[in-house]
Amino acid sequence: MYMNRRLLIPVLLYLFILVLYGCDKGLNPDPSGFSGVIRLTNWPPPDSVWELRLVAFKNPPTDSSSLIIEWLRGNVLVYPPIGSPSFTKTDSTGRFVDSIRYNVLLQGIDVDEPVRYSYVALAWRYSPNVFTDWRPAGIYTHQQGSFIPRPLVIAKHQFVRGVDILCDFRNPPPRPWR
């Protein structure tokens with residue numbers, strides 16, 4: 001009986017540790033989303049960069065009016081979300097940043113079926129008009145230097161890494177809309 005008590009305490013301790021470390025997420029499933037690095041070069045004058053946001057379109061925009069319509073329909077993901085501060089353009093010393101790491105979780109988006117974004121870009125607002133003064137600064141492509149968009153497909157409970165975007169402000173991609 002004394003031997004059983006000596007064995008019982010280590011076994012219970014082992015089970016407690018197993019449960020503690022095995023339940024780090026509880027019943028929550030793995031999140032769906034994507035991450036990457038945005039690399040920025042050849043910054044324009046500071047007064048011509050009002051805002052930078054990552055945008056992912058299910059369907060590429062065909063004209064400027066479709067941008068807002070598609071966003072209202074829920075077919076456009078904007079990160080950081082509208083209403084929150086955009087990506088910062090300078091570091092703590094006031095110098096322009098050369099890269100931005102980001103993580104986007106698809107919260108509140110139904111991902112029972114894979115989500116396909118056909119056009120992922122860094123949007124650059126270059127003037128004060130929040131509705132019209134946007135252009136892509138860089139896009140997610142198969143090959144750096146190419147302006148051919150690479151689709152991004154995210155399955156349920158999948159987190160895609162390596163969605164990297166190169167932004168050269170002197171050589172931005174063309175607008176996909178007129």
Side-chain angles (χ1 to χ4, degrees), residues 32-107 109 114-155 158-178:
S32 299
F34 61 99
S35 68
V37 177
I38 300 167
R39 288 182 174 58
L40 305 134
T41 61
N42 298 316
W43 280 92
D47 61 346
S48 65
V49 181
W50 286 68
E51 200 170 349
L52 295 170
R53 295 195 188 270
L54 187 72
V55 291
F57 294 89
K58 289 183 178 178
N59 302 306
T62 55
D63 56 45
S64 58
S65 65
S66 71
L67 295 171
I68 295 172
I69 293 168
E70 290 298 309
W71 179 68
L72 291 172
R73 288 181 179 161
N75 293 329
V76 180
L77 179 133
V78 179
Y79 184 82
I82 302 295
S84 62
S86 68
F87 289 124
T88 183
K89 59 186 175 184
T90 59
D91 63 14
S92 60
T93 65
R95 293 179 303 192
F96 284 115
V97 296
D98 59 358
S99 66
I100 300 168
R101 294 189 180 281
Y102 69 91
N103 289 295
V104 178
L105 295 177
L106 301 183
Q107 297 174 335
I109 298 174
V115 177
R116 183 180 194 276
Y117 294 108
S118 59
Y119 187 83
V120 180
L122 182 71
W124 161 30
R125 184 163 60 105
Y126 53 86
S127 292
N129 191 326
V130 72
F131 295 106
T132 60
D133 296 345
W134 291 91
R135 72 168 300 130
I139 59 175
Y140 178 53
T141 64
H142 288 283
Q143 182 178 10
Q144 284 189 354
S146 162
F147 294 138
I148 300 168
R150 178 180 185 176
L152 172 62
V153 179
I154 304 167
Q158 179 188 28
F159 195 86
V160 179
R161 289 170 173 44
V163 182
D164 300 336
I165 298 173
L166 175 64
C167 300
D168 181 349
F169 286 97
R170 286 189 195 145
N171 187 26
R175 289 183 176 107
W177 65 91
R178 300 190 195 292

Which pair of heavy atoms, one from [X] and one from [Y], lies closest together, and at what distance?
| X | Y | value |
| --- | --- | --- |
| Ser99 | Val37 | CB-CG1, 3.9 Å |
| Ala56 | Val120 | CB-CG2, 4.0 Å |
| Pro176 | Pro136 | CD-CG, 4.4 Å |
| Tyr140 | Pro151 | CE2-O, 4.0 Å |
| Ser32 | Phe159 | C-CD1, 4.3 Å |
| Val153 | Arg116 | CG2-CG, 3.9 Å |

> Would the number of heavy atoms belonging to other residues, nucleotides or ligands and lying under 6.0 Å from CD1 of Ile82 be above 12?
Replying inline: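 Atom CD1 in Ile82 is crowded, with more than 12 foreign heavy atoms closer than 6.0 Å.
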>> With a sphere of 6.0 Å drawn around CH2 of Trp43, does it hold more than 12 non-hydrogen atoms of other residues, nucleotides or ligands?
In response: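 Enclosed: over 12 neighbouring heavy atoms sit under 6.0 Å from CH2 of Trp43.
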Spell out, as yes or no, whether a donor-acceptor pair under 3.5 Å connects the side chain of [X] to the backbone of [Y].
| X | Y | answer |
| --- | --- | --- |
| Trp124 | Ser48 | yes |
| Tyr79 | Leu105 | no |
| Arg53 | Pro80 | yes |
| Ser127 | Asn129 | no |
| Trp134 | Glu51 | no |

Between atom [atom1] of [X] and atom [atom2] of [Y], what is the distance when rounded to the nearest 0.5 Å?
| X | Y | atom1 | atom2 | result |
| --- | --- | --- | --- | --- |
| Lys58 | Leu152 | NZ | CG | 12.0 Å |
| Ile69 | Asn75 | CD1 | CG | 11.5 Å |
| Arg125 | Asp133 | CZ | CG | 7.5 Å |
| Asp98 | Ile38 | CG | CD1 | 12.5 Å |
| Asn103 | Arg161 | CG | CZ | 7.5 Å |
| Tyr102 | Ser35 | OH | OG | 7.0 Å |

> Are Phe87 and Leu122 close enough, and set up right, to give a side chain to side chain contact (heavy atoms under 4.5 Å, CB included), and what steps lead you there?
Replying inline: CA-CA 10 Å; Phe87 289 124; Leu122 182 71; 4.0 Å; yes
>> Between Val55 and Tyr119, is the side chain to side chain contact (heavy atoms under 4.5 Å, CB included) condition met? List the steps.
In response: CA-CA 8 Å; Val55 291; Tyr119 187 83; 5.6 Å; no
> Step by step, would you call Val163 with Leu54 a side chain to side chain contact (heavy atoms under 4.5 Å, CB included)?
Replying inline: CA-CA 11 Å; Val163 182; Leu54 187 72; over 6 Å; no
>> Could you walk me through whether Phe96 and Leu40 satisfy the side chain to side chain contact (heavy atoms under 4.5 Å, CB included) test, starting with their C-alpha distance in whole Å, then the side-chain angles of each, then the deciding distance to 0.1 Å, before giving a yes or no?
In response: CA-CA 9 Å; Phe96 284 115; Leu40 305 134; over 6 Å; no
>> Any non-hydrogen side-chain atom of Leu77 less than 4.5 Å from a side-chain atom of Phe34?
In response: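 In contact.
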> Do Thr93 and Asp91 pass the side chain to side chain donor-acceptor pair (under 3.5 Å) test, and can you show the C-alpha distance, the side-chain angles, and the key distance before you say yes or no?
Replying inline: CA-CA 5 Å; Thr93 65; Asp91 63 14; 2.7 Å; yes
